[in-house]
Amino acid sequence: MHGGDRVAAALEAHGVRFLFTLCGGHISPILSASKSRGIRVVDVRHEATAVFAADAVARLTGIPGVAAVTAGPGVTNTITALKNAQLAQSPLVILGGAAPTALQGRGALQDIDQRPLVAPHVKLVKTVRRVCDLAPAVTEAFAVAREGVPGPVFVECPVDLLYEEATIREWYAGAAGKGNSLAERFLGWYLRRHVEKMLTGSNDPIVLAPRDVAAEAPPQSRIDAATRVLARAERPLLVIGSQALAAGDAPAVAEAVGRLGIPVYLSGMARGLLGREHALQMRHQRRQALRESDCVVLAGVPCDFRLDYGRHIRRSSTLIAANRSARDARLNRRPTIAAIGDAGLFLQKLAEAQPAARDTRASWIAALRGRDQARETEIDEQAAAMGEHVNPIALCRAIDATAADDAVFVADGGDFVATASYVLRPRGPLSWLDPGVFGTLGVGAGFALGAKLCRPESEVWILYGDGACGYGMTEFDTFVRHGIPVIAVVGNDAGWTQIAREQVKMLHDDVATVLARSAYDDVAAGFGATGLRVHSMAGVPGLLADARAAAARGKPVLLNAWLDRTEFREGSISM
Ligand SMILES: Cc1ncc(C[n+]2csc(CCOP(=O)(O)OP(=O)(O)O)c2C)c(N)n1
Ligand SMILES: [Mg+2]
């Protein structure tokens, strides 16, 4: 087996179905060997898309997503997406090309020192120096990516390790030349020795078996302590984040939450965990609920900006934090009980341990429910406001009413997408993808690509800001070439509105925040997708139906929706 095939064999052994890439001479053998082994090689138009797509695969399947990128600029182009995955705790394996081992540091094409560039954004950089180490490096990468706090791993595969042994020997023999001077004879000797080192162990049998990675629950003593505290709580509140789903058993986590009987807010990838609606699930007025609760359970949720740094949790309340990361469990607020371990397993053990649910909490739940419904009524009123173009809240309500029961929603943008996250109800576990704490614009195309490949039977919707959609527009070419019928809805407000909103208010200047009502639908059509445009609310239901129908026929779709300005997001700023 040549080196490229060894890498591909290891991917196959780990159940990898998709390899995302943008080609380059340094990685060709990995791509063609993967294809030969039945792994679907999906070639995209920007390396960041490849990593975003791998990220989505990881989130939806629990198996690390894989991208292969070429040396130098291929690797540097991944950095934002890598950082996004690291902060979202998404397990990825990135295969990076590299200059030939003997030429590194000698001015070879695209040869840079990749380790210091990549290392801060991954759990591990594996630099492979021998052909026989390729498959074990991939095996290690898969294990490290998943264990503990999940995250990306980078495996650097120099190009001279990836070809047939005969080809490698030929190259090095050619490089040594045929001269007979002392210097040339020394070079010949040196390169022959180098090749022997590279090929040492190549004839040994290859071990491809994946390493076992089991999620670890927090210690029983912490679960017992939490159980005791919860039993006494009058107004307990549960907040669940993405990490609670990392162990891959969403139904078990959902069942545990139901049994706990505590009102719950869901965030990140946990949105949709309990289906569209659930008696315990609240969607609005979280801040006030946190202020009133006497016992807050944070399951896989750090006290970062999304939770106002924990400021709204009362000092006197009991704080229980379950997290795989000891640092995240203690971020900004020291919990009363820190349960270090998998947050999903924590919830399951807590549900097993707890005594029968207490009905004294009914009035607490009813109070939260009342406020939740009051807010929904307000939103209904705002959705009813008629303007010149499309009301963004009404558009999101219409999408919520239209999208299939198995729909996956991908969120990429500012204000429009924040409105969508308020209004849309994810249908089930792992059906909502947003960038996470890094807040990266431009995740949409890659996330949707990964999601649609993992769930070919499901509708995949991208909710785009008009600013955000610009990053990945070229991927409509990818969607068309690969037959990936996603539905993109662009909330076109002709601007980077989330930024403009505050900038204009505080600095009285809209510089750099203004866009045109560009014809994004025509751009998509130019790539062979279906482009649709809607200027007014009256056209929305019909065009959403057309979009779904086109996608059902296998066509990717972009619906360009001209939005009205609203005050809906007024006052919300994230720092
Ligand atoms: C890569 C990146 N660049 C810049 C930003 C800063 N940013 C956050 S929201 C936003 C505006 C997004 O505009 P658009 O996608 O049109 O959504 P809108 O707010 O207009 O609905 C910008 C520029 C970011 N989060 N990520
Ligand atoms: Mg915009």
Side-chain angles (χ1 to χ4, degrees), residues 46-49 51-52 55 76-88 121 268 304-306 382 387-396 399 409-424 433-448 461-475 488-507 509-521 523-524 533-535 558-575:
H46 193 295
E47 284 83 359
T49 306
V51 177
F52 288 136
D55 185 339
T76 57
N77 266 351
T78 66
I79 299 293
T80 301
L82 263 188
K83 192 76 202 177
N84 194 72
Q86 182 194 42
L87 294 189
H121 321 297
D304 61 20
F305 81 92
R306 292 167 297 184
Q382 287 169 298
E388 190 187 354
H389 298 300
V390 174
N391 176 324
I393 310 164
L395 173 59
C396 293
I399 295 170
F409 296 113
V410 173
D412 186 7
D415 264 19
F416 172 61
V417 160
T419 300
S421 78
Y422 225 64
V423 171
L424 284 179
L433 290 163
D434 64 28
V437 66
F438 202 40
T440 313
L441 293 180
V443 298
F447 277 11
W461 293 74
I462 316 177
L463 305 155
Y464 263 139
D466 54 333
C469 83
Y471 290 88
M473 278 248 76
T474 327
E475 303 300 350
V489 178
V490 178
N492 190 341
D493 53 11
W496 305 91
T497 303
Q498 182 176 317
I499 304 305
R501 207 159 30 77
E502 294 303 313
Q503 184 175 307
V504 171
K505 204 181 329 160
M506 297 173 75
L507 302 171
D509 191 348
D510 65 0
V511 60
T513 65
V514 181
L515 295 169
R517 295 258 193 202
S518 299
Y520 301 107
D521 46 318
V523 179
R533 192 181 311 172
V534 61
H535 295 114
L558 184 146
L559 172 60
N560 182 2
W562 284 28
L563 300 185
D564 277 331
R565 299 220 165 277
T566 71
E567 304 299 305
F568 189 62
R569 300 275 310 145
E570 210 44 52
S572 59
I573 181 167
S574 294
M575 290 257 186

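One-based numbering, in listed order, for ligands and for the atoms of each.
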Under a strict 4.0 Å criterion on non-hydrogen atoms, which protein residues are in contact with ligand 1?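 Under the 4.0 Å cut-off, ligand 1 touches G413, G414, D415, F416, G439, L441, G465, D466, G467, A468, Y471, D493, G495, W496, T497, Q498, I499.
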
So, does [X] use its side chain to make a donor-acceptor pair with the main chain of [Y] at under 3.5 Å?
X	Y	result
N560	A519	no
N84	F52	no
D466	G495	yes
D412	V443	yes

The test is side chain to side chain contact (heavy atoms under 4.5 Å, CB included); show your working for L424 and W461 and say whether it passes. CA-CA 11 Å; L424 284 179; W461 293 74; over 6 Å; no

Over 60° means perpendicular and under 30° means parallel, so classify the ring planes of W562 and H535, tilted if in between.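 Perpendicular.
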
Do you see a donor-acceptor pair shorter than 3.5 Å between the side chains of E475 and T49?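 Short answer, yes.
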
N, O or S of G495 under 2.8 Å from the Mg ion (ligand 2):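 For G495, the answer is yes, given that an N, O or S atom comes within less than 2.8 Å of the Mg ion (ligand 2).
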
Metal proximity, D466 vs the Mg ion (ligand 2), N/O/S cut-off 2.8 Å: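 Yes, D466 qualifies, because one of its backbone or side-chain N, O or S atoms lies under 2.8 Å.
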
Could you check which N/O/S atom of D493 is closest to the Mg ion (ligand 2)?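 Nearest N/O/S atom of D493: OD1.
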
